[in-house]
Amino acid sequence: MTLRIATWNINSVTARLPKLLEWLEGAKPDVLCLQELKCATDAFPYEEVRALGYETEAHGTGRWNGVAILSKVGFEDVLRGLPNQPGYQADDALLPEQEPRAIGATCGPVRVWSVYVPNGREIGHAHYRYKLDWLETLRQDVAADAAGERPFAVLGDYNVAPTDEDVFDVAAFEGQTHVTEPERQALANLREAGLVDVVPRPLKYDHPYTYWDYRQLAFPKNRGIRIDLVYGNAPFAGAVTDSYVDREARKGKGTSDHAPVVVDLDL
DNA sequence: ATGACGTTCTTTGAACGA
């Protein structure tokens, strides 16, 4: 069977609902992983996407973060949060906060996680340590599936550009997060655990960037970075027939600052 | 053209994003 799986940091599913519905009707993925819902689980527009044939499992608390999986091929074994997911300890909080940054499910023949990795903010910030801990927990918690025979992938906004080729200008990121050695080592550890970086093809220009800042004409100038990634195990990666970044979805007003990454499989 | 940042809420600015 063929299966189309996609991931998209949608930057508010509420504000983006018309764009989401339009994109689903055009791209027709079987499974879609969403990040940055910016809405609570109960506030997800379930009925609107159901009208297009999708069931949804969402995990959100409101203003920030939030992840979901949309599926035309059913759900089994849904998990909200990584089993050992760390919380974020803000300076002014008494307890670490468990943020909605991961949801896992089996959809037909594949098992997937939709993840929104912490941003890290600045090198040395508590959020940067949180980001590295979060990625290490991800590695541990998906190790068994990564080594398994069932097609498996972790899709989402990793907030890390794997190589210098994945940023429009390395110098522009000097001293900033997303390109540091520890962050890239965390991705290398995921690959060591058996996951393959399924690199998509760009529809235009020569780098498959997935994010362009809203400011300073970043998109028209193609000043982008590749941080939305599909990490699949060998059975998943071996079934890939095509993959691309849908930059068309980044054009015009009222879009997310990220573009969807689409993967086609023949299983 | 692809056009100069966007979303949310404890809303009139701040927090967050990358």
Requested in this report: Given ring pair (Phe, Tyr, Trp, His ring centres under 6.0 Å), test A:H125 with A:Y128 step by step and report yes or no.
Outcome: CA-CA 5 Å; A:H125 193 287; A:Y128 180 74; 9.5 Å; no
Report summary line: The contact string for nucleotides 8-18 of chain B, one letter per nucleotide 5' to 3', using protein heavy atoms under 4.0 Å with B, S and - for base, sugar-phosphate only and none, comes out as BB----B-SSB
Check this for me: does any side-chain nitrogen of one of [X] and [Y] sit under 4.0 Å from a carboxylate oxygen of the other?
| X | Y | result |
| --- | --- | --- |
| A:R80 | A:E57 | yes |
| A:D257 | A:R250 | no |
| A:R4 | A:D30 | no |
| A:D169 | A:R223 | no |

Query raised in the report: Do you know which of A:W8, A:Y158, A:Y116, A:Y211 makes ring-ring contact (aromatic ring centres under 6.0 Å, His included) with A:H258?
Result: A:Y211
**Report entry** Members of residues 162-170 of chain A that approach DNA chain B, where some heavy atom sits under 4.0 Å away
**Finding:**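 Contacting residues: none.
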Starting at atom [atom1] of [X], determine the distance to atom [atom2] of [N], rounded to an integer number of angstrom.
| X | N | atom1 | atom2 | answer |
| --- | --- | --- | --- | --- |
| A:R250 | B:dA4 | CZ | C1' | 12 Å |
| A:Q216 | B:dG6 | CD | P | 13 Å |
| A:K204 | B:dT2 | NZ | P | 9 Å |

Requested in this report: Would you indicate what A:K131 reaches in the nucleic acid, counting non-hydrogen atoms under 4.0 angstrom: base, sugar-phosphate, or nothing?
Outcome: nothing
Requested in this report: Tell me what A:R16 touches on the nucleic acid: a base, only sugar-phosphate, or nothing, going by heavy atoms under 4.0 Å.
Outcome: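 If one applies the 4.0 Å heavy-atom cut-off, A:R16 turns out to touch the sugar-phosphate alone, with no base involved.
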**Report entry** Given A:R191, A:R226, A:R184, the one that forms salt bridge (charged side-chain N to carboxylate O under 4.0 Å, His left out) with A:D197
**Finding:**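 Between A:D197 and the candidates, salt bridge (charged side-chain N to carboxylate O under 4.0 Å, His left out) is satisfied uniquely by A:R226.
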Rounding to the closest angstrom, what is the interatomic distance between [N] and [M] at atom [atom1]?
| N | M | atom1 | value |
| --- | --- | --- | --- |
| B:dT12 | B:dT2 | P | 37 Å |
| B:dA14 | B:dA4 | C1' | 23 Å |
| B:dT10 | B:dA15 | C1' | 11 Å |
| B:dT11 | B:dC16 | P | 16 Å |

Report task. Count the heavy atoms of every other residue, nucleotide or ligand shown that sit under 6.0 Å from CD of A:E192, and state whether that count exceeds 12. Result ->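 No, because the 6.0 Å sphere around CD of A:E192 holds 12 heavy atoms or fewer from other groups.
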Report task. Give a yes-or-no answer on whether the side chains of A:D157 and A:Q35 include a donor-acceptor pair shorter than 3.5 Å. Result ->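 Result is no, nothing qualifies.
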